[in-house]
Trainee: 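Have a look at this one.
Atom set for the values below is all heavy atoms of this structure, side chains included, hydrogens, waters and symmetry mates excluded.
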Amino acid sequence: MRLGTLLREGEHHTVLKLDDDTIVDLHLALPLLQREGQLKWLAPGATTDIVQLIALDERALELAQAVAQALPGLGAARIAPDALRLAAPIPRTRKNVFCLGRNYAEHIQEDNTSRDKATPLPEAPQFFTKPATSITGPDTDIELDSAVTRRLDYEVELAFVIGRGGRDIPAKDAWRHVFGYTIVNDVTARDLQRRHDQWFKGKGLDTFCPMGPWIVHASQIPDPHALRIQLDVNGERRQDASTADMIFRIPAIIESLSAGLTLEPGDVIATGTPSGVGYAMNPRCFLADGDVVTCRIEGLGELSNRVRARPGAGVS
């Protein structure tokens, strides 16, 4: 089961992709099912907002099964693949997107080499956030505003989505709180990052959080720490690693982040990037107008975005 968000006539509709690749618009399908007396446990007129559906937790699978069984009568709600225009799965998160920095040892090493430093591996997860206004979807533009940055970079990351909320979640219970997984590109303005001596500003600009294409339910990803993770720029492979290389794994991330801090359904947590980023290359290789950045994670699909210079932008 995969959940996504369709942009249809200027409105966001939650869509469901079944195991046979059939795509159904839940905005149209759920009222039909409820009129037929199915999904009696779902309140009449229940919202099809994607975060509300994620909050169903385990019952989201029951919903998907009901949709699959009713497919012959859902003709108007079915979507042809060539008519599918996906937005980010959660177009605007209720909180900032949570992110981890420095969560792959080889990425830390390339950073040390590029800056001629010798920082140690972190002893605890290093968190920062990206604002909801930075989120964009598949096949949209990453804005390059040369008045703000001249050093635009990429970072492919596995992200997970909270289904069951909670606070002070122990690592042993963490998997019960993971609804599913998606891809995030942690786009970064390296000059801003260096100038402000922190991560938020350089990673929080508009369009700096491409996300998608789907949220893949956790039941379809047996081991999120055994996935190949890759990124290409204009077809050239830049990043190629395994999520097995994370320093802090998902249970430890959840335990640490939720200590004294309530996680809620729909919260998105990106887990860091492997080595191969542009600023660590020799020579450094930043993104330019027209570049196409493609992120891939095994089992989750492909997220592609083009860099576009902001019209009229100039150095201030």
Side-chain angles (χ1 to χ4, degrees), residues 97-130 142 149-160 181-194 197-200 202-204 208-211 221 223-250 252-253 256 269-288 291-305 307:
V97 176
F98 296 105
C99 305
L100 262 75
R102 305 177 76 241
N103 198 31
Y104 285 77
E106 287 190 1
H107 177 49
I108 295 172
Q109 181 56 49
E110 71 175 355
D111 178 67
N112 286 342
T113 300
S114 72
R115 296 191 296 149
D116 195 24
K117 291 192 175 184
T119 56
L121 298 183
E123 296 181 2
Q126 299 183 337
F127 295 111
F128 64 95
T129 69
K130 297 171 83 80
I142 298 167
T149 179
R150 288 296 186 92
R151 295 187 173 185
L152 191 67
D153 210 346
Y154 52 81
E155 295 187 1
V156 59
E157 306 200 6
L158 170 69
F160 62 93
Y181 305 93
T182 191
I183 304 171
V184 159
N185 184 353
D186 178 17
V187 179
T188 305
R190 299 295 181 190
D191 39 5
L192 292 185
Q193 188 177 10
R194 181 67 61 86
D197 199 26
Q198 43 78 18
W199 293 337
F200 177 78
K203 292 172 174 284
F208 273 27
C209 190
M211 183 190 303
I221 306 296
D223 184 359
H225 296 295
L227 306 177
R228 193 171 187 185
I229 180 169
Q230 301 172 311
L231 181 143
D232 297 348
V233 178
N234 301 327
E236 175 193 357
R237 185 64 38 85
R238 297 283 185 86
Q239 295 183 278
D240 193 346
S242 170
T243 56
D245 299 332
M246 288 183 194
I247 297 170
F248 301 102
R249 297 195 168 197
I250 289 171
I253 294 169
S256 179
I269 304 168
T271 58
T273 199
S275 61
V277 294
Y279 81 87
M281 296 175 68
N282 187 13
R284 301 182 192 274
C285 194
F286 296 109
L287 296 171
D291 284 346
V292 176
V293 185
T294 302
C295 304
R296 297 183 189 87
I297 299 181
E298 184 180 358
L300 303 186
E302 182 175 294
L303 172 67
S304 189
N305 301 87
V307 177

Trainee: Got a sec, which residues hit side chain to side chain donor-acceptor pair (under 3.5 Å) with Gln239, two or more places apart in sequence or on another chain?
Mentor: Thr273
Trainee: Applying side chain to side chain donor-acceptor pair (under 3.5 Å), name anything that partners Arg237, two or more places apart in sequence or on another chain.
Mentor: Asp232
Trainee: Between Leu300 and Thr182, what is the shortest heavy-atom contact and its length?
Mentor: CD1-O, 3.7 Å
Trainee: Only counting residues at least two apart or in another chain, list the ones meeting side chain to side chain donor-acceptor pair (under 3.5 Å) with Tyr181.
Mentor: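 Expected list: none.
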Trainee: Between atom CD1 of Ile253 and atom CZ of Phe127, what is the distance when rounded to the nearest 0.5 Å?
Mentor: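 Those atoms lie 6.5 Å apart.
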Trainee: Once you round to the nearest 0.5 Å, how far does CG of Asn185 lie from SG of Cys295?
Mentor: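 So the gap between those two atoms works out to 4.0 Å.
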Trainee: Run the side chain to side chain donor-acceptor pair (under 3.5 Å) test against Lys130 and tell me which residues pass, sequence neighbours left out.
Mentor: Asp186
Trainee: Is there a donor in the side chain of Asn112 and an acceptor in the side chain of Thr119, or the other way round, less than 3.5 Å apart?
Mentor: yes
Trainee: Going by the rule salt bridge (Lys or Arg N to Asp or Glu O under 4.0 Å), which residues pair with Glu302 if we only count those two or more places apart in sequence or in a different chain?
Mentor: Arg296
Trainee: So, using salt bridge (Lys or Arg N to Asp or Glu O under 4.0 Å) as the criterion, who are the partners of Glu123 when residues are at least two apart?
Mentor: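 With sequence neighbours excluded, Glu123 shows a salt bridge (Lys or Arg N to Asp or Glu O under 4.0 Å) to no residue whatsoever.
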Trainee: So, using ring pair (Phe, Tyr, Trp, His ring centres under 6.0 Å) as the criterion, who are the partners of Phe128 when residues are at least two apart?
Mentor: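 Expected list: Trp199.
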Trainee: Who passes side-chain contact (heavy atoms from CB on, under 4.5 Å) against Ala226, sequence neighbours left out?
Mentor: Asp223
Trainee: Using side-chain contact (heavy atoms from CB on, under 4.5 Å) as the criterion, list what pairs up with Glu106, not counting sequence neighbours.
Mentor: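 side-chain contact (heavy atoms from CB on, under 4.5 Å) check on Glu106 returns Ser275.
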Trainee: Can you check whether Thr271's main-chain N or O pairs, donor with acceptor, with Asn103's side chain at less than 3.5 Å?
Mentor: yes
Trainee: Show your reasoning for whether side chain to side chain contact (heavy atoms under 4.5 Å, CB included) applies to Tyr154 and Ile142.
Mentor: CA-CA 10 Å; Tyr154 52 81; Ile142 298 167; over 6 Å; no
Trainee: Partners of Glu155 by salt bridge (Lys or Arg N to Asp or Glu O under 4.0 Å), sequence neighbours excluded?
Mentor: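 If we apply the salt bridge (Lys or Arg N to Asp or Glu O under 4.0 Å) test to Glu155, skipping adjacent residues, the hits are Arg190, Lys203.
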Trainee: With sequence neighbours excluded, tell me which residues meet side-chain contact (heavy atoms from CB on, under 4.5 Å) with Ser114.
Mentor: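 In terms of side-chain contact (heavy atoms from CB on, under 4.5 Å), with neighbours along the sequence ignored, Ser114 is linked to Asp111, Tyr279, Ala280, Arg284.
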Trainee: Who are the salt bridge (Lys or Arg N to Asp or Glu O under 4.0 Å) partners of Arg102, not counting sequence neighbours?
Mentor: none
Trainee: With a 4.5 Å heavy-atom cut-off, do Met281 and Arg238 have their side chains touching?
Mentor: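 Heavy-atom side-chain distance check passes, below 4.5 Å.
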